[in-house]
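Order of the sequence lines sets the chain letters (A, B, ...), proteins ahead of strands, with each chain counted from 1. Quick caveat, the model's predicted, so the values are computed rather than measured.
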Amino acid sequence: MSEDKYEKVMDLAKRRGYLWSSFEIYGGIAGFVDYAPLGTILKNNIIDTWRKHYIINEEFYEIDSPTITPYEVLKASGHVDNFTDPMVECKECLESFRADHIIEENININTEGKTLEELNELIKKHNIRCPKCGGEFGDVKKYNLMFLTSIGPGGKRTGYMRPETAQGIFIQFKRLASFFRNKLPFGVAQIGKSYRNEISPRQGVIRLREFTQAEAEFFVHPKIKNHKRFKDVENDIIPLLPADRQMDETLSSEEKVVNMSLKDAVEKGIIRHETIAYFVAITKRFLMDIGIDINRLRFRQHLPDEMAHYAIDCWDAEIYTDRFGWIECVGIADRTDYDLKAHMNHSGVDLSVFVEYDKPKEIETYDIELNYKVVGKVFKKDMKLVENTLNNMDNSEIEKLVKELNENGKYILTIEDKEFEILNDYLKINKTKKKISGEKVLPHVIEPSYGIDRITYCLLEHAYNEEEDRTYLKLKPEVAPVKVGVFPLVNKQGMPEIAMEIKDNLRKNGIIAEYDDSGAIGRRYMRMDEVGTPFCITVDGQTLEDGTITIRHRDTREQIRIKIDEVVDYIKRNI
RNA sequence: GCGCCAGUGGUGUAGCCUGGUAUCACUCUGGCCUUCCAAGCCAGUAACUCGGGUUCAAAUCCCGACUGGCGCACCA
C-alpha cells in the first residue's frame with residue numbers, strides 16, 4: 001500500500017468523471033483542471049450550500065463582476081506591486097533568487113519601492129554574487145504572478161486577469177453602500193474565477209492557475225466589530241491554532257491546537273473581535289454541512305510576518321489531507337479600510353459612508369464667513385485653496401486664528417510652501433451651536449474567502465472509503481451529484497419499464513436519477529457506490545405483485561421496502 | 001525556473017537493455033444468462049505523450065518539448 005490517498009482519489013475522480021486535467025489531448029498544462037460531469041454537479045452543490053449560508057442566512061447579496069480588470073484598479077489595490085517579484089538568476093548555476101532578498105541579506109538596505117534599475121545597480125555596485133556558487137548574476141527581471149492582457153485594439157489599455165474576486169466588490173462600494181441605503185454593517189459576496197500565474201504549480205488541484213473563489217465581504221463600522229448574532233455561536237467549540245502557540249517551541253504540534261469556545265477566544269483576546277470569530281463559526285458550520293470531517297479541520301492564525309500587507313488579523317481554515325498535510329482552504333481576514341482607502345485615494349471618489357448617530361449631537365463650532373469681495377482680489381488664483389483650507393480647520397485651529405487676529409491683527413496661513421496673510425476684514429467668525437446627526441466613516445471589511453477547488457478536493461478525499469469488497473464515496477446526500485440509481489433486478493417481466501418510469505418520475509421532480517440494467521445487480525450497486533450515489537432503487541418480483549420497491553442505502557447497504565408512489569417523497573425528505 | 005527520475009487502451013501492466021505486425025488482466029459496449037451486492041458465456045471498442053534525429057525499419061537508441069513525481073527555489 002505505497003500508493004497514497006491523493007493518487008487513489010484522483011484516479012477515481014478521473015475514471016468516474018469528477019476531475020480531468022485540462023487540454024489533455026494537446027499534452028496538458030500544469031495548473032489547470034476541468035470539472036468533469038459529476039465534479040461539476042458536486043462543485044455546484046457545494047456552492048449552493050455556501051449560498052444558503054451567506055446569501056440566505058447571513059443576508060449577503062451577491063454580485064458578479066468582470067474577470068478582466070484594468071491596470072488602474074490593481075495598481076491601487078497594491079497587486080501590481082505586490083504580485084510582482086523581482087527575480088535574479090545566477091549565470092553560472094542558473095539558480096533563481098528574489099533580487100530584493102539577496103540585496104537585503106548582503107548590504108542591509110531596505111529595498112522597498114526600489115525600481116528594477118535601482119536593484120540592478122545595487123547588485124552591480126556591491127558586486128553581489130550567487131550565494132550558492134559565487135557566480136555572477138544576470139539582470140533583475142520581474143516575475144508577475146498576474147496574467148497580463150490588453151484591452152481593445154492596439155493594446156492601448158493594460159489589463160490583468162483578476163487575482164481575487166474581492167476587488168470587484170470594493171470598486172463598486174459606492175453603489176453597494178447606496179443599495180444597502182448606507183446602513184452598516186452589510187455583506188456582499190462574489191463567486192467566480194480568479195487567476196494567478198504560479199511559477200510552478202505542482203500540487204494538482206491544490207494549486208491552480210485558474211481557480212474558483214467564493215468571497216464574502218462584510219463591511220462594518222471601524223469602531224464596531226462585535227456581531228449582533230455572536231450569541232448564536234459563542235458556545236461553538238473550535239480547534240484553534242493561535243499564533244503564539246505556533247511559535248512556542250516547547251509544545252508538540254498536537255499541543256499547539258486548543259479546543260476553545262469562541263466566547264473564550266474573544267474574551268482572552270486570541271481572536272481579535274467577534275466578527276472574525278462569528279465567521280469562523282459560519283465557516284465551520286458550512287464545511288461540516290457539506291461533509292468535511294471535523295476531526296480534520298482546524299483554524300490557524302497567521303503569524304505576524306506572514307500576514308498580507310492589508311490585514312491585521314487572519315485565521316485560515318485548514319483541512320487535513322493525506323499527501324499535503326494541512327492545507328489552507330478558507331482565509332478569514334480583517335482587511336481594515338486598506339482597500340477602500342486605496343481606491344478612494346487613487347480614484348478621487350469619496351467612498352465613505354454617512355453614519356447617523358443614535359441621537360443627534362449638539363456641538364459648538366465656528367462658522368467662517370468670507371468677505372469674498374476683498375479676499376478674491378487679494379488671493380486671486382489661490383482663492384479656492386485658501387477657502388478650502390479655512391473650511392477644513394478644526395476648532396482648535398480656528399481658536400488660534402481668532403486669538404492671533406485679536407492680538408496681532410493678522411494670521412499667517414501656511415499651505416504647503418506658501419504663506420497667506422489673513423487680516424481682520426477678510427472674514428467673520430461666528431461661534432454657533434450645530435446639530436450633528438452623524439459622521440462620515442470609511443468602513444472596515446472582514447473577509448471570509450473560500451477556495452472552492454481545494455474544498456472540493458478535500459471533500460472527495462474525506463468521502464473516500466475503502467472496504468474489503470468495495471470503494472465508495474461517502475458523500476452527504478445533499479451534495480452527492482447523482483441522488484438515485486434505479487435498476488430492474490432482471491431484464492424481464494416488465495421490470496425495466498417500471499424502473500425506467502420511476503427514474504423519469506424522479507427526474508420530473510428535479511432529482512438526478514440514473515437508470516441502469518447492464519450486468520449483475522451487484523455490479524450496478526458498486527458502480528453507484530463509487531460515485532457516491534446515496535440511494536439505489538430496485539424493481540423486483542414483489543414489485544409486480546404489490547407495487548413496492550426496495551431502497552438500498554449506500555453506507556449500510558441495508559434495504560427498505562416502500563410503495564412506488566412514496567418514492568419521490570422519501571427521496572426528497574432525505575436529500 | 002534548476003537538478004534527478006518517469007510517461008504503453010478508461011485503469012494496472014508486459015515488451016525497451018539486445019530496433020522488425022504491442023502482452024495480459026480488469027473496466028467499458030452489445031448480446032445471452034441471472035430474482036439482491038463486481039459470478040458465468042459469446043462478441044466488440046480501445047494505447048506506445050508530442051516533435052525532431054539515427055536507421056531499410058523506432059514503443060525500443062539519441063535530442064528537445066510537454067506532463068507527472070521527488071529535492072531546491074517560489075507561493076502578498
Side-chain angles (χ1 to χ4, degrees), chain A residues 2-4 6-8 10-12 14-17 20-32 36 74 77-90 92-98 101-102 130-133 138 141 143-146 163-164 196-204 206-209 302 305-311 314 323 327-328 331 333 335 338 467-472 485 487-493 495 517-530 536-544 549-552 554 556-559 561:
Chain A
S2 62
E3 210 185 349
D4 69 3
Y6 175 79
E7 222 159 299
K8 291 180 184 174
M10 290 308 282
D11 176 56
L12 188 152
K14 196 172 166 189
R15 279 188 295 110
R16 315 297 333 216
W20 291 333
S21 55
S22 303
F23 317 114
E24 210 176 356
I25 66 165
Y26 286 102
I29 297 186
F32 296 93
L74 295 161
S77 68
H79 285 89
V80 168
D81 300 319
N82 283 309
F83 256 65
T84 316
D85 292 335
M87 303 287 289
V88 72
E89 194 180 83
C90 170
E92 303 286 325
C93 66
L94 300 173
E95 194 77 41
S96 291
F97 299 93
R98 282 277 295 269
H101 291 179
I102 281 280
C130 174
K132 216 172 179 181
C133 71
K141 287 178 190 145
Y143 186 79
N144 199 322
L145 258 63
M146 291 194 290
E164 59 172 2
R196 297 180 191 182
N197 201 356
E198 299 284 355
I199 295 171
S200 163
R202 271 199 307 200
Q203 293 116 311
I206 302 302
R207 201 140 139 241
L208 294 172
R209 288 184 164 130
H302 276 207
D305 61 350
E306 136 187 53
M307 210 110 63
H309 52 285
Y310 49 70
C314 184
R323 179 188 286 194
I327 60 172
E328 170 195 345
R335 290 178 79 135
Y338 180 90
E467 286 173 2
E468 321 76 59
D469 60 342
R470 65 166 178 167
T471 297
Y472 69 110
F487 319 135
L489 185 58
V490 289
N491 293 332
K492 48 183 162 184
Q493 298 164 355
M495 290 183 201
D517 63 9
S518 90
I521 190 81
R523 178 182 297 277
R524 290 177 246 159
Y525 287 145
M526 294 309 136
R527 267 201 284 257
M528 283 298 164
D529 285 349
E530 209 176 18
C536 288
I537 290 175
T538 303
V539 174
D540 59 11
Q542 200 178 325
T543 309
L544 307 174
I549 48 79
T550 62
I551 296 187
R552 168 190 181 268
R554 175 195 63 207
T556 59
R557 306 197 203 189
E558 274 164 14
Q559 287 179 312
R561 188 167 276 280

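- Side-chain atoms of A:Thr550 and base atoms of B:C36 include a donor and an acceptor less than 3.5 Å apart.
- Residue contacts for A:Gln493: at a heavy-atom cut-off of 4.0 Å it reaches a base atom on one of the strands shown.
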Could you run down the sub-3.5 Å N/O contacts of the protein with nucleotides 7-13 of chain B?
unit_1 : atom_1 : unit_2  : atom_2 : d
B:U11  : OP1    : A:Lys14 : NZ     : 3.4

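- Both distances falling under 3.5 Å, in either a Watson-Crick or a G-U wobble arrangement, place B:G20 opposite B:C56.
- Regarding contacts with the backbone of B:U34, a side-chain N or O of A:Lys492 is found under 4.0 angstrom from either OP1 or OP2.
- In this structure, the salt bridge (charged side-chain N to carboxylate O under 4.0 Å, His left out) partners of A:Arg552, at least two apart in sequence or on a different chain, are A:Asp529.
- Residue-to-nucleotide contacts include a donor-acceptor pair under 3.5 Å from the side chain of A:Gln559 to the base of B:C36.
- Base-pair partner of B:C32: B:G40 (Watson-Crick or G-U wobble, both distances under 3.5 Å).
- Every ring pair (Phe, Tyr, Trp, His ring centres under 6.0 Å) that A:Tyr6 has, sequence neighbours left out, goes to A:Phe324, A:Tyr457.
- For the atom pair A:Ile549 CD1 and A:Phe487 CZ, the distance stands at 12.0 Å (nearest 0.5 Å).
- Of all nucleotides listed (B:U34, B:G68, B:C37), B:C37 comes nearest to the side chain of A:Arg552.
- For B:U49, the paired base is B:A65 (Watson-Crick or G-U wobble, both distances below 3.5 Å).
- A:Arg196 places a side-chain N or O within 3.5 Å of a backbone atom of A:Pro163 that can act as its donor or acceptor partner.
- Both A:Asp529 and A:Ile29 sit near RNA chain B, but only A:Asp529 has its closest nucleotide nearer the 5' end.
- Pair assignment for B:C72: B:G1, on the basis of Watson-Crick or G-U wobble contacts that are both within less than 3.5 Å.
- In this structure, the separation between CD on A:Gln559 and CD1 on A:Ile537 is 11.0 Å, given to the nearest 0.5 Å.
- Only the C1' atoms considered, B:U11 is 16 Å distant from B:U45, to the nearest whole Å.
- For B:U60 and B:C4, the C1' atoms lie 22 Å apart once the distance is rounded to whole Å.
- B:A59 and B:A47: their C1' atoms are spaced 10 Å apart (whole Å).
- Nearest nucleotide to the side chain of A:Val490, out of B:C75, B:U34, B:C37: B:U34.
- Using P as the reference atom, B:G19 and B:A58 are 13 Å apart when rounded to the nearest Å.
- Contact annotation for A:Gly541: base contact, defined as any heavy-atom pair under 4.0 Å involving a base atom.
- Judged purely by atom type and a 3.5 angstrom limit, A:Arg524 uses its side chain to pair as donor or acceptor with the backbone of A:Pro488.
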In B/S/- notation (B base, S sugar-phosphate only, - none; protein heavy atoms under 4.0 Å), nucleotides 38-50 of chain B written 5' to 3' is BB-----------
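- For the atom pair CD (A:Glu7) and CZ (A:Arg323), the distance works out to 5.5 Å, reported to the nearest 0.5 Å.
- Base pairing of B:U13 is not made with any nucleotide, judged by Watson-Crick or G-U wobble geometry with both donor-acceptor distances under 3.5 Å.
- If you check every strand for non-hydrogen atoms under 4.0 Å, A:Arg323 touches sugar and phosphate atoms only.
- By the salt bridge (charged side-chain N to carboxylate O under 4.0 Å, His left out) test, A:Arg527 pairs with A:Asp516, sequence neighbours left out.
- The salt bridge (charged side-chain N to carboxylate O under 4.0 Å, His left out) test applied to A:Asp540 returns A:Arg561, not counting sequence neighbours.
- In this structure, CG on A:Asp11 lies 10.5 Å from CZ on A:Arg16, to the nearest 0.5 angstrom.
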